[in-house]
Enquirer: 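First, the structure itself, so that you have it in front of you.
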Amino acid sequence: MALLGWATLAWQADYGQFYLVDREDTSFLPPEIITPEMEARRFFVPEAGLVVYTEGSLHQHIRIHIHDAVPDAVALEPMSGKPWTQVETARTRFPSRSFSISSPSMPDPLPCGPAFFLDGSMVSVRISWKEFQGSRDESVPVEPDVIEIALWPAEQRFTAADTAGSHRGTDR
């Protein structure tokens, strides 16, 4: 398994969500109603792209990793050594084999990036969240939440750990 590309972005996810949008999709619209399932799983897969829901913090570090095969599942967030709060897996598609990141206050992806390129249009995705636990006061600096998104070609099979679909950390 090789890491083909990666980025870490300091992000402000307004309205508790951000999007991975196919760069050629001019009609992308996030869902207007968030169902209980979407709230529990913390993501939504539209016809193309991905919608990721965040917890109460405006500040996240978003890590995007693009692999050539299924990456190993890691129980702990590497920088903090704390367990992931939640991990989910899904499949989605990016017909142009590329995507950018966007959010509600930025209705269109930035034309000059960041842009991510994939080997195929169908991908498997593992989304891992590590979130600050406790009450939030945005006027006091706190450690940002971390959301890691790993993508790999959908033709690859899930590992036994991935077929469970999701889990929630016990360190809440």
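All values below come from the heavy atoms of this structure, side chains included, with hydrogens, waters and symmetry mates left out.
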Enquirer: Which pair of non-hydrogen atoms, one from Thr89 and one from Phe43, has the smallest distance, and what is that distance?
Expert: O-CZ, 4.0 Å
Enquirer: For residues Val70 and Arg126, determine if any side-chain heavy atom of one lies less than 4.5 Å from a side-chain heavy atom of the other.
Expert: yes
Enquirer: Measuring from atom OG of Ser98 to atom CG of Asp25, what distance do you get when rounded to the nearest 0.5 angstrom?
Expert: 10.5 Å
Enquirer: Any heavy-atom pair between the side chains of Tyr53 and Met38 that's under 4.5 Å?
Expert: yes
Enquirer: So, for Ala48 and Thr92, which heavy atoms are closest and what is the spacing to 0.1 Å?
Expert: C-OG1, 4.3 Å
Enquirer: Students often mix this up, so state it plainly: with edges at 30° and 60°, are the rings of Phe116 and Phe99 parallel, tilted or perpendicular?
Expert: parallel
Enquirer: Look only at the side chain of Ser121 and the backbone of Arg97, and say whether a donor-acceptor pair between them is shorter than 3.5 Å.
Expert: no
Enquirer: Identify whether the distance between the nearest side-chain nitrogen and carboxylate oxygen of Arg63 and Glu77 falls below 4.0 Å.
Expert: yes
Enquirer: How about Phe18 and Ser102: do any of their side-chain heavy atoms sit closer than 4.5 Å?
Expert: no
Enquirer: Determine whether Val45 and Leu50 satisfy the following criterion, side chain to side chain contact (heavy atoms under 4.5 Å, CB included), listing intermediate values before the conclusion.
Expert: CA-CA 5 Å; Val45 179; Leu50 185 68; 3.9 Å; yes
Enquirer: Taking all atoms of both residues into account, what is the closest heavy-atom pair of Gly49 and Phe94, and its distance?
Expert: CA-CE2, 3.4 Å
Enquirer: Go through it in stages, so that I can follow the logic: the residues are Glu148 and Trp84, the test is side chain to side chain contact (heavy atoms under 4.5 Å, CB included), and I'd like the CA-CA distance, side-chain angles, deciding distance and then a yes or no.
Expert: CA-CA 10 Å; Glu148 186 171 282; Trp84 293 108; 3.7 Å; yes
Enquirer: Any heavy-atom pair between the side chains of Val123 and Pro153 that's under 4.5 Å?
Expert: no
Enquirer: Search all heavy atoms of Lys130 against all heavy atoms of Thr85 and return the closest pair with its distance.
Expert: CA-OG1, 3.4 Å
Enquirer: Locate the shortest heavy-atom distance separating Glu24 from Asp22; write the atom from each residue and the value.
Expert: N-OD1, 2.9 Å
Enquirer: Apply side chain to side chain contact (heavy atoms under 4.5 Å, CB included) to residues Trp6 and Ile64 and explain how you reach the verdict.
Expert: CA-CA 5 Å; Trp6 62 273; Ile64 298 176; over 6 Å; no
Enquirer: Check the surroundings of atom CE in Met122: do more than 12 heavy atoms from other residues, nucleotides or ligands lie under 6.0 Å from it?
Expert: yes
Enquirer: I'd like to know if the side chain of Asp145 and the backbone of Gln60 have a donor-acceptor N/O pair within less than 3.5 Å.
Expert: no
Enquirer: Might you point out which heavy atoms bring Val51 and Pro31 nearest each other, and give the distance in Å?
Expert: CG2-CD, 4.0 Å
Enquirer: Going by heavy atoms in the side chains, are Val52 and Tyr19 under 4.5 Å from each other?
Expert: no
Enquirer: Linking I/L/V/M/F/W/Y whenever their side-chain heavy atoms sit closer than 4.5 Å, directly or via other members, would Ile127 and Leu9 fall into one cluster?
Expert: yes
Enquirer: Output the distance between atom CZ (Arg41) and atom OG1 (Thr35), rounded to the nearest 0.5 Å.
Expert: 10.5 Å
Enquirer: Examine Leu4 and Val74 and state if one hydrophobic cluster contains both, with Ile, Leu, Val, Met, Phe, Trp and Tyr joined whenever side-chain heavy atoms are less than 4.5 Å apart.
Expert: no
Enquirer: How far does CD1 of Ile147 sit from OG of Ser128, to the nearest 0.5 angstrom?
Expert: 10.0 Å
Enquirer: Salt bridge check: are Arg42 and Glu37 linked by an N-O gap of less than 4.0 Å?
Expert: no
Enquirer: Can you find a pair of side-chain heavy atoms, one from Phe117 and one from Ile66, that are under 4.5 Å apart?
Expert: no
Enquirer: Give a yes or no answer on whether the side chain of Arg93 reaches the backbone of Glu47 with a donor-acceptor pair at less than 3.5 Å.
Expert: yes
Enquirer: Please assess Glu88 against Trp129 for the test side chain to side chain contact (heavy atoms under 4.5 Å, CB included), listing each intermediate value before the final yes or no.
Expert: CA-CA 9 Å; Glu88 297 282 346; Trp129 291 262; 3.6 Å; yes
Enquirer: Kindly compute the distance separating CG (Leu3) from NE2 (His67), expressed to the nearest 0.5 Å.
Expert: 5.0 Å
